[in-house]
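Labels below follow one simple rule: chain letters A, B, ... track the order of the sequence lines, proteins then strands, and each chain is numbered from 1.
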There are 2 protein chains.
Amino acid sequence: MAKANLPSSEELMKLDNFLCFAIYSANHAFTRVYKPLLDELDLTYPQYLVMVALWEKDDQTVGSLGEKLFLESSTLTPMLKRLEAMGHILRTRDKADERQVRVQLTETGRALREKASRVPIGIADATGMEPAEVARLKQEIAALRASLLR
Amino acid sequence: MAKANLPSSEELMKLDNFLCFAIYSANHAFTRVYKPLLDELDLTYPQYLVMVALWEKDDQTVGSLGEKLFLESSTLTPMLKRLEAMGHILRTRDKADERQVRVQLTETGRALREKASRVPIGIADATGMEPAEVARLKQEIAALRASLLR
DNA sequence: CCAAAATAAATCGTTCGCGATATAATCGCA
DNA sequence: TGCGATTATATCGCGAACGATTTATTTTGG
């Protein structure tokens, strides 16, 4: 064959051919699937992600949470204040470097992990995919993210 | 071997193993890559998606746009009002059924398509992927979205 | 040692995104 | 026909999310 069938500019401009739109809409779909599960925990989806990050590693700074979650302090600060108001975390200035704020789980915050332990099962269910397939797709999307942020 | 190594509940609770988080963060990454390109058009990323949907098919109702974009009227109405204020679209009540609002491109809105035609190239570039690979990944994620919304 | 640069969070204004609810128009059926 | 149910959009309140800016602290170079 002479050459691959490159997509026409017409084809390129169709919404359903956009990788970004697939991701955008899949993200909304995830949010909707999580909603009823997280309502049980009185957490929003982004708040849940912050808690997961803290359950994995307690006592992080706002900056290190932001790096892991790819979020800015302008997003995290208000969220963390809400989690603090709910009693899940404590925010304290670092003694050694007063610029930094250390985020720590409270007993309540740690306890929530138990209730949350069933959430991943429910989500895995909703994907309708095998664990190995999920892992592969996740890996590909993480690689894409890395390319995009390069 | 006796059985597959099922992921432990500990492993399941790590942020980097979450498919949803890969998608969540890839979505943010896309938003950031689009930002400088869309600044040229004075459009936000969601506004751009609406315009793409209209360039593909003009004269749609709010409801049909919502179906295609997976968005509620409570999200679309304010967005469409902004696009109207910018002069890209017109919103008019359907004569035959006054409940519906028809969204139509203005001349300005149609003209913007030219300027936008270079955007997909820039994005494709940033993904660092072959068109065929992009198409495959897009397909898989669309299938995932369908499972989630089922 | 101290002023300038760098760093970490927080604040502000704007836009998205949703659920719940309101409003208005149309439909269905008794 | 007419009135209750359904449908389409809009409104409201709240929580993300970001860029630009501010404030406070620390680091660095002279």
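One atom, CD of E72(B), and another, P of dC16(C), lie 16 Å apart when rounded to the nearest Å. We find that OH of Y34(A) is positioned 17 Å from P of dC18(C), with the value rounded to whole Å. In this structure, L71(A) places its CG atom 17 Å from P of dA8(C), rounding to the nearest Å. Summarising the geometry, the separation between CZ on R93(A) and P on dT26(D) is reported as 10 Å, rounded to the nearest angstrom. One can place CG of L43(B) at 14 Å from C1' of dC16(C), the figure rounded to the nearest angstrom. Rounded to whole Å, atom C1' of dA24(C) lies 13 Å from atom CD of Q100(B). We find that CD of E67(B) is positioned 13 Å from C1' of dT7(D), with the value rounded to whole Å. Taking atom CG of residue L69(A) and atom C1' of nucleotide dA17(D), one finds them 13 Å apart after rounding to whole Å.
Atom CZ of R32(A) is surrounded by more than 12 heavy atoms from other residues, nucleotides or ligands within 6.0 Å. No more than 12 heavy atoms of other residues, nucleotides or ligands sit less than 6.0 Å from atom CD of E130(A). A 6.0 Å sphere centred on CD of E56(A) holds more than 12 heavy atoms belonging to other residues, nucleotides or ligands.
Residue T61(B) is classed as a sugar-phosphate contact, given heavy-atom separations below 4.0 Å to backbone atoms only. Within the 4.0 angstrom heavy-atom criterion, no nucleotide atom of any strand lies near L76(A).
Of all heavy-atom pairs between R145(A) and A29(B), the closest is CG-CB, 4.1 Å. Shortest non-hydrogen contact noted between L144(A) and M129(B) is CD1-SD, 3.9 Å.
Y24(A) and Y45(B) have their aromatic ring centers within a separation under 6.0 angstrom.
Listed by residue number, the members of residues 77-87 of chain B with any heavy atom below 4.0 angstrom from DNA chain D are T77(B), K81(B). Only at 4.0 angstrom or more do the heavy atoms of residues 16-30 of chain A sit from any atom of DNA chain D, so none qualifies.
A continuous path of ILVMFWY side-chain contacts below 4.5 Å connects Y48(A) to I89(A), so both sit in one hydrophobic cluster.
Of the side-chain N and O atoms in R32(B), one or more sit less than 4.0 angstrom from OP1 or OP2 of dC18(D). Applying the 4.0 Å criterion to OP1 and OP2 of dT15(C), one finds that T44(B) has every side-chain N and O outside that range. The phosphate of dA10(C) has OP1 or OP2 within less than 4.0 Å of a side-chain N or O from R91(A).
Distance from the side chain of E98(B) is smallest to dT26(C) among dA16(D), dT26(C), dA10(C). Among the nucleotides dC16(C), dT9(D), dG15(D), the one closest to the side chain of Q47(B) is dC16(C). Among dA8(D), dT25(D), dG17(C), the nucleotide with an atom closest to any side-chain atom of R99(B) is dA8(D).
You won't find any donor-acceptor pair under 3.5 Å spanning the side chain of S73(B) and the base of dA8(D), going by distance alone. Counting atom types as modelled, S74(B) pairs no side-chain N or O with a base atom of dA10(D) as donor and acceptor under 3.5 Å.
The pair D16(B)-K14(B) does not meet the salt-bridge criterion, since no charged nitrogen lies less than 4.0 angstrom from a carboxylate oxygen. Taking 4.0 Å as the cut-off between side-chain N and carboxylate O, R110(A) and D58(A) count as a salt-bridged pair. Taking 4.0 Å as the cut-off between side-chain N and carboxylate O, E98(A) and R93(A) do not count as a salt-bridged pair. Checked for salt-bridge contact, R136(B) and E140(A) meet the test: a charged N lies under 4.0 Å from a carboxylate O.
In terms of position along DNA chain D, the nucleotide closest to Y45(A) lies nearer the 5' end than the nucleotide closest to the other residue of the pair Y45(A) and K35(B). Between T75(A) and D97(A), the residue anchored nearer the 5' end of DNA chain C, judged by the nucleotide with its closest heavy atom, is D97(A). Comparing G63(A) and D94(B) against DNA chain C, the residue whose closest nucleotide sits nearer the 5' end is G63(A).
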